[in-house]
Amino acid sequence: MTEGRGAAGEILRGVGVSSGIAIGRALVLEGPHVAIFRLDLEGEAPEREVARFQRAVRQAWRQLRRLRDRVTSEAGETYGRVFQAQILILRDRALLEETLALIRRERVNAEWAFRSVVGRYTQVFAQLGDPELRERGTDIEDVEARVQAILTGSKRRHDLGELAEDAIVVSASLSPSDAASLNRARVIGLAIDGGGPASHTAIIASALGIPAVAGLRDASHVLRTGDLLALDGATGVVLRNPTQGEQDVWRERKARLARRDLDLLLLSDQPAVTRDGLRVALRANVQLPEEMAAARRFGAEGVGLFRSEFLRLGGTQEPPDEETQYRAYRDLAEQALPHELAIRTFDLGGEKPAGASLERRETNPALGLRGIRFGLRRPELLRAQARAILRASPHGKVRMMLPMVSGLEELREAQALVESVRRDLAREGVPFEPDVPLGVMIEVPAAALVADRLAREADFLALGTNDLIQYALAIDRGNQSVSYLYEPLHPAVLLLVRRVAEAAAALGRRLSVCGEMASSPPAAVVLIGLGVTELSMTPSTIPAVKMRLDTAAAIKSRVRERLASLSPEAHACAAEELRR
Ligand code: PEP
Ligand code: MG
């Protein structure tokens, strides 16, 4: 949404999803499908076009080699192989020679000829029954997009890891894996047309400390590469071409925020205790191993949620193999010491596409083959992950938790699988801790409603409020149009949380909350009021939550007030619950 400001430019308003201020030049990303036009060439032009195409292919080949080497050294061979496969496509003689022949025969531009040839190949791949082979078609499209970007001189999202200058990236959308592969030193802000506050892209941006505004609707059309932008990731405002006076005001605010963050950092050594002595554990949500340094800096007591699916970085189709996972978990477990590391098994599907691992596209992925459902459908992947987690267990204090559980059967099936992995490891003489706790995430309302039964059989419970809110209120967490209805303090959500807290307490099971709700100081105090004493959050939000820890009694009374302001019935109902 835009508002005119005369010559000075526009104000764009979206939703702030990762706080902080960024002032810098816009880099507008092309959409995934660039429009290509046919140009009919005269005279010698086709030969020049042939040379231009060959140069572009060589450049793409050099880019891919660099990417392969970088990704292999940073993330391991499994990821590097994705780019190796693309290098091989670029060396495919038939693909290149057919393109050259078409340029010469039809006297057309390279872009058009390459798209026509690639189009024929991808059609063939799309009709193949084997999902692995179908995915090869996606690789070819990806290679095509790279070559087209070089031919047309545009920036692609793949290059986000390789930016040479600071930029505020403006894009219609940004997938979680695009966000995860950003060059953190260069991307100083994100302005995205779609998305909402609980989307994984927003979570990654805030974990990486990159100020971000989502839900801007048409920013990627309105803004141009090179525009000067001032972006506020807390209020969701983006200012295009601010005047010198405005820039000075924004820079001053940025400096003020930096000073406040420093003050908050000083709190990181203090234990999190309410003024009447209730000890609250504040842990970190972590997506990428590099975030461990921030987790320590902000005083996190270990990792309450490691989103392991982000190990599947850089668009690889299959999750990493057991050995790669083992090394990652071992390093994380060691870094988390003396505290715990809670590894959540892959939560693939939903917003986080499962690539070739999924049999077919789903029309409603949030309600589809997601989380533990996917894990149980592909038990060989879950087994490899359980082996890697158990093998890492002697190196730290590891726990394992299952995403998107909706009932007892799924828990029991997963427990049986983990048990058989334990037997295998024991038989093979591989060391592991025999009592690694296996818990369930409560993020489906059905699971919250049967929390007492789940608590009886699981070692611990972890509330995933991002999804719990999405499913309880029927609000797509990534959809900006309905984000005004995404209310963590909705009485229905609080009643579900309360129910889970009671179930855990009755059976003496540990309960944590690791949704974004725990990151918001007012919501965090509400959770404490409901009986939760373990919160896991984006590391940078830990000091602010700590600062708000008043007395437990005061928190409870504030929870009642808050509920009263929502609705009188909810207040009566929740006050009744809180009295117990
Ligand atoms: C949640 O749903 O609250 C959660 C922690 O998991 P994710 O955000 O990864 O879906
Ligand atoms: Mg979830």
Side-chain angles (χ1 to χ4, degrees), residues 17-18 175-177 179-180 195-208 214 282-288 291 300 303-313 319 341-354 365-375 399-406 410 439-448 451 460-479 483 486-490 493-494 496-497 500 511-520 523-524 527 532 534-539 541:
V17 294
S18 170
S175 74
S177 63
S199 66
H200 283 95
T201 304
I203 291 171
I204 289 277
S206 119
L208 298 176
L282 302 182
R283 306 190 208 288
N285 287 350
V286 168
Q287 290 64 229
L288 304 168
E291 292 167 46
V303 176
L305 166 66
F306 174 60
R307 291 184 165 98
S308 65
E309 60 278 5
F310 281 90
L311 285 175
R312 194 174 142 277
L313 233 171
L341 165 72
I343 302 173
R344 178 177 71 186
T345 60
F346 297 129
D347 183 16
L348 292 171
E351 253 199 310
K352 298 167 265 197
L367 303 182
L369 199 58
R370 228 201 109 167
I372 192 63
R373 305 168 184 180
F374 176 77
R399 347 180 106 229
M400 189 182 331
M401 56 197 195
L402 307 166
M404 288 292 294
V405 168
S406 53
E410 285 167 338
V440 287
M441 300 247 338
I442 307 286
E443 30 188 9
V444 178
F460 64 96
L461 305 180
L463 270 158
T465 49
N466 301 337
D467 279 313
L468 189 63
I469 297 166
Q470 144 162 287
Y471 295 123
L473 305 183
I475 303 301
D476 177 347
R477 58 193 272 190
N479 182 341
S483 67
Y486 192 92
E487 173 53 87
L489 298 179
H490 190 293
V493 174
L494 299 186
L496 287 170
V497 171
V500 177
L511 169 68
S512 61
V513 172
C514 51
E516 290 308 290
M517 189 175 172
S519 294
S520 135
L527 291 168
V532 179
E534 294 186 40
L535 301 173
S536 191
M537 61 195 74
T538 305
T541 59

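Residue indices begin at 1 and follow the sequence shown. Atoms considered below: every heavy atom in the structure, side chains included; atoms not considered: hydrogens, waters and symmetry mates. Each ligand, and each atom within it, is numbered from 1 in the order the structure gives.
- Side-chain contact between Arg283 and Leu305 is absent, with no heavy-atom pair separated by less than 4.5 Å.
- The CD1 atom of Ile372 lies 5.0 Å from the OG1 atom of Thr345; values are rounded to the nearest 0.5 Å.
- In this structure, CZ in Arg307 is found 4.5 Å from CD in Gln287, a value given to the nearest 0.5 Å.
- A 4.5 Å side-chain heavy-atom check between Leu489 and Leu494 finds at least one atom pair inside the cut-off.
- For Ala448, the side chain to side chain contact (heavy atoms under 4.5 Å, CB included) criterion is met by Ile442, Leu468, Leu496, Val500, not counting sequence neighbours.
- Within ligand 1, the atoms closer than 4.0 Å to a non-hydrogen atom of Thr465 are 3 (O), numbered from 1 in the order shown.
- Its N, O or S atom nearest to the Mg ion (ligand 2) is what matters here, and for Asp467 that atom is OD2.
- Contacts of Glu516 with ligand 1, taken as heavy-atom pairs under 4.0 Å, are absent altogether.
- When only interatomic distances are considered, the shortest N/O to N/O separation between Glu309 and ligand 1 does not fall below 3.5 Å.
- Near Gly464, meaning under 4.0 Å from any of its heavy atoms, are these atoms of ligand 1: 1 (C), 2 (O), 3 (O).
- Side chains of Ser520 and Glu516: a donor-acceptor N/O pair is absent below 3.5 angstrom, by distance only.
- Between the CD1 atom of Ile475 and the NE2 atom of His490 there is a distance of 8.5 Å, given to the nearest 0.5 Å.
- Within the listing of ligand 1, atoms 5 (C) sit less than 4.0 angstrom from a heavy atom of Cys514.
- Shown in contact with Arg307 at under 4.0 Å from a heavy atom are these atoms of ligand 1, numbered in order with element: 4 (C), 5 (C), 6 (O), 7 (P), 8 (O), 9 (O).
- Remark: Glu443 CD to Gln470 CD distance equals 9.5 Å, nearest 0.5 Å.
- Atoms of ligand 1 lying under 4.0 Å from at least one heavy atom of Glu443, given by number and element, are 1 (C), 2 (O), 4 (C), 6 (O).
- Between Arg344 and ligand 1 there is a heavy-atom distance shorter than 4.0 Å.
- Residue contact check: Arg477 has heavy atoms under 4.0 Å from atoms 2 (O), 7 (P), 8 (O), 10 (O) of ligand 1.
- Counting atoms of ligand 1 from 1 in the listed order, those under 4.0 Å from a heavy atom of Gly515 are 3 (O).
- Contacts between Asp347 and ligand 1, counted as non-hydrogen atom pairs separated by less than 4.0 Å, involve the side chain only.
- Proximity of Met404 to ligand 1, defined as any heavy-atom pair under 4.0 Å, is not found for any part of the residue.
- Shown in contact with Leu305 at under 4.0 Å from a heavy atom are these atoms of ligand 1, numbered in order with element: 5 (C).
- Assignment of Arg370 to the shell around ligand 1 is supported, since a heavy atom sits closer than 4.0 Å.
- Each of Cys514, Pro539, Ser519 was scored for a side chain to side chain contact (heavy atoms under 4.5 Å, CB included) with Asn285, with one residue passing: Cys514.
- Residue Glu309 holds its CD atom at 6.0 Å from CG of Leu348, rounded to the nearest 0.5 Å.
- Nearest N, O or S atom of Glu443 to the Mg ion (ligand 2): atom OE1.
- Without hydrogens or angle criteria, Tyr471 side chain to Ala366 main chain gives a donor-acceptor distance under 3.5 Å.
- Not a single N/O/S atom of Asp347, whether from backbone or side chain, sits less than 2.8 Å from the Mg ion (ligand 2).
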